[in-house]
Structure formats: structure tokens, C-alpha cells
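In this text the structure is predicted, and so the values were computed from the model without any measurement.
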Amino acid sequence: MKKIVSLLFLVVLFSSCSEYQKALKSEEIDGKYEVAAKMYDKGKFEKAIRLFEQIAPSYKGKPQAEKLFYMYAQSYYKTKQYYLAGYQFENFASSYPKSEKQEETSFLGAKCYSKLSPAYSLDQADTDKALEKLQDFIDTYPNSTYLAEANAIVKELRYKIEKKAFENAKQYNTISDFKAAQIAFDNFISDFPGTIFKEEALYYKLDSAFKLAQNSVPQKMEERLNNAKAAYNSLIKFNADSKFKSKADDMLAKIEKDLKQFSK
């Protein structure tokens with residue numbers, strides 16, 4: 001019985017492969033479409049793509065085109081070819097504005113760009129593009145069933161943008177360019193007022209201001225000590241129980257001690 005089942009499986013497999021190979025070589029467009037649809041339904045997306053690539057130009061404007069281009073886009077998406085999938089989903093959405101798949105393809109087209117978003121340390125052009133596409137989707141479909149997922153992706157992408165901006169500002173502190181660091185942290189907080197990195201940014205601004213004052217020439221020290229004290233106050237005003245409070249208090253004690261020399 002096992003041998004019979006195995007034999008039947010091989011026959012079906014060979015028949016399927018043979019059908020696919022014949023379709024690839026065939027000039028008959030409708031036959032290619034049927035086999036491509038079969039490959040798609042079976043989850044053989046790479047094979048489906050090869051056939052869709054051959055016949056897509058010939059089906060534009062035909063009744064079957066809507067289904068074909070939807071399967072074509074999904075095949076790229078399922079095989080994680082997100083650049084091509086995004087292009088096909090966007091093309092579908094613009095070509096078939098009345099399709100029942102309009103909302104889904106609009107969302108998946110935007111989602112594809114998020115899949116292209118790199119690590120935060122790299123250039124974030126694709127992340128910016130993904131955010132733009134997702135915001136367009138959210139604005140167009142405010143009651144979409146995909147809204148929660150879209151918002152979750154937006155949150156993740158915005159975190160990445162904020163993380164890069166924060167690390168760029170922090171880098172000035174790391175290389176001891178304390179004056180530039182203060183400006184960078186001010187710009188960061190201004191650009192991202194609700195950021196989860198705000199407490200850290202305020203602390204590193206204080207750290208930069210403190211170190212700049214400590215290494216200052218005498219004629220600039222008083223002003224810079226007062227700037228550092230203001231940075232301390234900003235941190236504590238934001239969070240009186242800051243995780244950085246102990247370090248900040250140590251800095252404040254040194255700042256106030258050094259300021260006494262200017263009050264004599």
C-alpha cells in the first residue's frame with residue numbers, strides 16, 4: 001500500500017512538473033495563465049512568478065487581469081521580494097480603484113516599504129518613504145481593518161528614526177565635542193518632543209554642558225557652569241526620579257562648588 005501511495009505521489013509530482021515545464025515553453029497565453037494560477041494556489045510562488053512575468057503584458061485590459069496582477073503582487077510578497085511586491089501592489093491599487101482588494105493592496109504596498117527599512121544605524125531614506133506611504137494609507141482608510149497593524153508599524157519605524165537621531169547626537173558627546181553635543185541634543189528634543197529618549201537626551205546634554213564647563217577657559221567658565229546648572233534643572237523638571245539622578249546630583253554639587261568662586 002505504501003509503495004502504491006509513493007508511486008501515485010511521484011506520478012502527480014512528475015505530472016505537475018511536466019505541466020509547468022510545458023507551460024514555460026508554450027506560446028499559448030491562456031494555458032500559461034491556468035498553470036500560473038495552479039502554481040499560486042499550491043504555494044509555488046517562484047514558479048508562478050516566472051509564468052506571470054511572461055504573460056503579464058499580454059493581459060493588461062483583459063477581464064482576468066485584475067486577478068492575475070493581484071496574484072503576481074502576492075507572489076512577490078510571499079517570496080519576500082518586497083521592492084517588486086511594493087511596485088506591483090501600488091500599480092494594482094492605482095489600476096483597479098474599485099476592486100474589492102483595493103484596501104488590502106494599498107496596505108500591503110505600504111507595508112512592503114517598511115520591510116525595506118534598514119537597521120537604524122544605516123541611511124533611513126526607505127524608512128522615511130515607508131512612513132509616508134503608511135500615513136497616506138491611514139489617512140485614506142481611517143477605519144481599516146489593517147489600521148492597528150499600520151499604526152504598530154509606524155510606531156516601530158518612528159522609533160528607528162528617533163534612535164538614529166539620538167545616537168547621532170550622542171556621538172558628539174562620545175568624541176568630546178561637547179559644544180556640538182548640546183546643540184545636537186537641543187535639536188533632537190525639538191524635533192522629537194515626545195520621544196522615549198528624552199530623559200537620556202537631557203542627561204547627555206547635562207553631561208556635555210558639565211564637561212564643557214570643566215574644561216573651559218576661565219573667562220567662559222561661569223557662563224558654561226550656569227548652562228550646565230540649567231541643563232540639570234531641565235532633567236529634574238522632566239523627571240525628578242530620573243535614573244540618572246545620582247550622577248546628575250554629583251555634577252550639580254561640583255557645579256555649585258565651582259560657581260562659588262565667581263560670587264566672591
Side-chain angles (χ1 to χ4, degrees), residues 16 19-20 23-24 26 28-120 122-162:
S16 176
E19 181 182 36
Y20 171 69
L24 276 178
S26 173
E28 208 276 296
I29 301 299
D30 291 341
K32 286 179 182 287
Y33 176 89
E34 289 180 11
V35 176
K38 284 183 182 179
M39 295 297 104
Y40 177 85
D41 290 339
K42 291 178 180 179
K44 298 179 179 180
F45 301 114
E46 292 283 4
K47 289 184 175 181
I49 287 170
R50 291 190 65 188
L51 291 169
F52 287 139
E53 287 173 341
Q54 291 182 353
I55 63 176
S58 301
Y59 268 87
K60 288 182 178 179
K62 291 188 176 183
Q64 306 99 315
E66 182 179 332
K67 182 179 179 181
L68 182 152
F69 284 106
Y70 174 78
M71 292 189 293
Y72 193 12
Q74 281 283 11
S75 295
Y76 278 131
Y77 184 76
K78 298 292 187 183
T79 53
K80 299 182 179 181
Q81 299 181 67
Y82 296 119
Y83 181 82
L84 292 170
Y87 171 80
Q88 289 296 336
F89 280 128
E90 285 194 324
N91 188 56
F92 180 95
S94 61
S95 298
Y96 305 101
K98 295 183 180 180
S99 171
E100 64 177 16
K101 303 288 188 182
Q102 170 70 204
E103 184 180 323
E104 178 190 2
T105 53
S106 295
F107 169 67
L108 290 175
K111 185 177 179 180
C112 284
Y113 285 99
S114 75
K115 296 289 187 180
L116 296 170
S117 173
Y120 80 85
L122 302 176
D123 181 79
Q124 294 300 304
D126 283 326
T127 306
D128 289 332
K129 187 180 290 185
L131 283 167
E132 180 184 342
K133 298 291 184 182
L134 285 161
Q135 192 58 56
D136 285 346
F137 173 79
I138 291 168
D139 292 342
T140 305
Y141 300 98
N143 299 312
S144 173
T145 54
Y146 301 103
L147 187 62
E149 186 177 356
N151 282 327
I153 297 171
V154 165
K155 184 178 180 181
E156 179 183 332
L157 296 178
R158 283 179 177 164
Y159 170 86
K160 193 179 291 187
I161 295 290
E162 290 179 17

Quick one: does [X]'s side chain get under 4.5 Å of [Y]'s, heavy atoms only?
X      : Y      : result
Ser117 : Leu157 : yes
Tyr77  : Gln88  : no
Lys111 : Glu149 : yes
Glu34  : Glu28  : no
Asp128 : Tyr113 : no
Met39  : Phe52  : no
Tyr120 : Glu162 : no
Leu68  : Lys62  : no

Please name the pair of heavy atoms, one in [X] and one in [Y], separated by the smallest distance, quoted to 0.1 Å.
X      : Y     : result
Asp30  : Tyr59 : OD1-OH, 2.7 Å
Ala37  : Met71 : CB-CE, 4.1 Å
Gly61  : Ala65 : N-CB, 4.2 Å
Ser75  : Tyr40 : OG-CD1, 3.4 Å
Cys112 : Tyr82 : CB-O, 3.5 Å
Thr105 : Ala93 : OG1-CB, 4.0 Å

Please answer whether the main-chain N or O of [Y] pairs with a side-chain N or O of [X] as donor and acceptor at a distance below 3.5 Å.
X      : Y      : result
Lys32  : Ala23  : yes
Glu132 : Thr127 : no
Lys160 : Pro118 : yes
Glu103 : Lys101 : no

ask   = Are the aromatic ring centres of Tyr72 and Tyr76 under 6.0 angstrom apart?
value = yes

ask   = Partners of Phe92 by ring-ring contact (aromatic ring centres under 6.0 Å, His included), sequence neighbours excluded?
value =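 If we apply the ring-ring contact (aromatic ring centres under 6.0 Å, His included) test to Phe92, skipping adjacent residues, the hits are Tyr96.
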
query = Gln74 and Glu104: side-chain donor and acceptor closer than 3.5 Å?
reply = yes

First locate atom [atom1] of [X], then atom [atom2] of [Y], and finally report the distance between them rounded to the nearest 0.5 Å.
X      : Y      : atom1 : atom2 : value
Asp136 : Lys133 : CG    : NZ    : 7.0 Å
Ser95  : Gln102 : OG    : CD    : 10.0 Å
Leu51  : Lys38  : CG    : NZ    : 12.0 Å
Leu134 : Lys155 : CG    : NZ    : 15.0 Å
Thr79  : Ile49  : OG1   : CD1   : 3.5 Å

task = Indicate the ring-plane relationship of Tyr146 and Phe107, choosing parallel, tilted or perpendicular according to the 30° and 60° boundaries.
result =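 Answer is parallel, since the angle falls under 30°.
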
task = Give the intermediate values and the outcome of side-chain contact (heavy atoms from CB on, under 4.5 Å) for residues Phe137 and Ser144.
result = CA-CA 9 Å; Phe137 173 79; Ser144 173; 3.3 Å; yes

